[in-house]
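Take a look at the structure set out below.
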Amino acid sequence: MTKQQYVRTKPHLNIGTMGHVDHGKTTLTAAITKVLAERDGTNRYVAFDRIDRAPEEIERGITITIAHVEYETPTRHYAHVDMPGHADYVKNMITGAAQLDGAVLVVSAQDGAMPQTREHVVLARRIGVEHLVVALNKADLVEDEDLLDLVELEVRELLTRYGFDGEAVPVVRVSGLRALDGDPRWTQRILHLLEAVDEHVPIPPRRLDLPFLMPIENVLTITGRGTVVTGAVEQGVLSVGDAVEVVGLGPAVASVATGLETFGKPMERAEAGDNAAVLLRGVKRGEVRRGQVVCLPGSVRPHTRFRADVHVLSAAEGGRRTPFAANYRPQFHFRTSDVVGVVTLAEGVTVVRPGEAASLTVELGQPIAMSAGLGFAMREGRLTVAAGTVREVLD
Ligand SMILES: Nc1nc2c(ncn2[C@@H]2O[C@H](COP(=O)(O)OP(=O)(O)OP(=O)(O)O)[C@@H](O)[C@H]2O)c(=O)[nH]1
Ligand SMILES: [Mg+2]
């Protein structure tokens with residue numbers, strides 16, 4: 001049986017839920033799919049345990065890998081990633097955030113902003129998520145309207161402090177849990193939230209004219225067919241039969257895209273903004289990996305040295321408590337990659353303290369695809385040390 005082709009009827013956007021652990025991101029994601037499924041026939045309900053699905057996650061009750069679900073509003077098609085809130089897994093959040101057109105920041109109305117709320121806002125800002133909508137979740141647990149107003153004010157101030165337009169960001173009071181139960185008061189709020197996303201997150205300019213580039217998020221083997229790489233297309237278009245190159249972290253691998261899919265449906269052409277699975281002819285599983293990029297042959301040369309501006313996270317933002325000095329060696333997360341690098345400080349600077357802005361020169365242990373303007377995060381163990389932007393590629 002041939003599978004139904006993907007039909008492009010509405011603009012496609014990538015969004016996600018981010019926020020502090022346990023504030024209700026996964027519950028809200030499930031509620032969105034349920035409310036939409038009950039409203040019309042194009043949407044499918046994805047239950048909580050289908051989103052939070054890896055066995056380890058269910059045991060510990062925290063989201064580790066990033067789950068993608070899809071749904072449609074009257075005007076748009078969304079791929080939604082439910083990002084983890086636990087501090088250990090912020091690096092997965094970085095992978096997700098790197099490809100988002102907008103995000104729903106989930107804040108528990110009971111607890112207000114917490115360290116990972118701040119950490120995610122800092123990362124969103126630096127990694128290029130320009131448009132946020134706030135879901136003030138668990139609103140069912142707070143009877144007092146004044147208290148809700150206070151939490152909302154606090155969240156708006158936080159957003160302004162980190163460079164978002166805190167006054168203009170929509171804040172919608174929701175209850176993911178009560179909406180899942182089908183309580184009409186709360187299902188209505190979910191629709192309000194989606195309207196806010198439709199209106200507030202603009203359709204980003206898709207760079208279709210640039211050479212094709214897709215960071216690899218996952219590598220899968222399909223028995224009898226070969227190796228498939230998945231990810232969000234960053235720029236350009238790719239048609240079935242096009243030559244590609246896999247670049248970064250080692251020697252380049254040449255191949256041809258012999259198949260393309262999105263959400264399990266075949267398509268002839270993948271374009272910037274799409275979540276795509278690309279079947280690579282003649283490539284063995286071990287030859288390609290997460291962190292590399294699939295691109296038009298010859299269009300990308302990987303680099304190891306660059307100059308960057310960084311914001312060093314304070315302890316209250318989930319960062320270090322102590323300064324770092326020259327020759328510091330954290331992990332660098334660009335798009336889906338994770339490589340070690342050594343830091344050189346600006347002349348005359350001996351240490352960089354949590355909470356400061358700094359200019360650094362970095363030499364990575366392995367070359368990766370990059371260009372000026374690309375956002376990245378610096379991590380050490382469980383901590384996000386800094387969030388930064390490449391200013392200049394050196395070599
Ligand atoms: N009362 C109430 N409880 C909620 C609501 N949303 C979520 N919860 C509860 O809060 C707990 C955490 O919800 P999750 O959806 O797993 O939270 P999460 O943000 O995805 O958590 P992580 O992925 O681990 O960061 C669960 O026990 C939910 O049932 C809500 O709107 N109201
Ligand atoms: Mg979750």
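For ligands, and for the atoms within them, numbers begin at 1 and follow the listed sequence. A quick note: this is a predicted structure, and the numbers were derived from the prediction, not measured.
Remark: Tyr162 pairs with no residue by the ring-ring contact (aromatic ring centres under 6.0 Å, His included) rule, at least two apart or across chains.
A salt bridge links Arg206 with Asp101: the closest approach of a Lys/Arg side-chain nitrogen to an acidic carboxylate oxygen falls below 4.0 angstrom.
A heavy-atom separation below 4.0 Å is not found between Trp186 and ligand 1.
For the pair Leu136 and Val172, the minimum side-chain heavy-atom distance is 4.5 Å or more.
At a heavy-atom cutoff of 4.0 Å, ligand 1 is contacted by the backbone of His23 but not by its side chain. Of the heavy atoms in Asp140, only side-chain atoms (C-beta onward) come closer than 4.0 Å to ligand 1.
Using a 4.0 Å cut-off to heavy atoms of Leu141, the atoms of ligand 1 that qualify are 1 (N). For ligand 1, the atoms sitting less than 4.0 Å from at least one non-hydrogen atom of Thr27 are 6 (N), 7 (C), 13 (O), 14 (P), 15 (O), 28 (C), numbered in the order shown with element in parentheses.
On a distance-only criterion, Asp82 and ligand 1 share no N/O pair closer than 3.5 Å. Residue Ala139 has no nitrogen or oxygen atom sitting less than 3.5 Å from a nitrogen or oxygen atom of ligand 1, judged on distance alone. At a 3.5 angstrom cut-off on N or O pairs, Arg178 does not count as close to ligand 1. Between Gly24 and ligand 1, at least one N/O pair is under 3.5 Å apart.
Taking the centre of each ring, Phe306 and Phe376 come in below the 6.0 Å mark.
Distance alone, capped at 3.5 Å, places no donor-acceptor pair between the Arg307 side chain and the Ser359 backbone. Asp274 places no side-chain N or O within donor-acceptor distance of the main-chain N or O of Ala276, the cut-off being under 3.5 Å.
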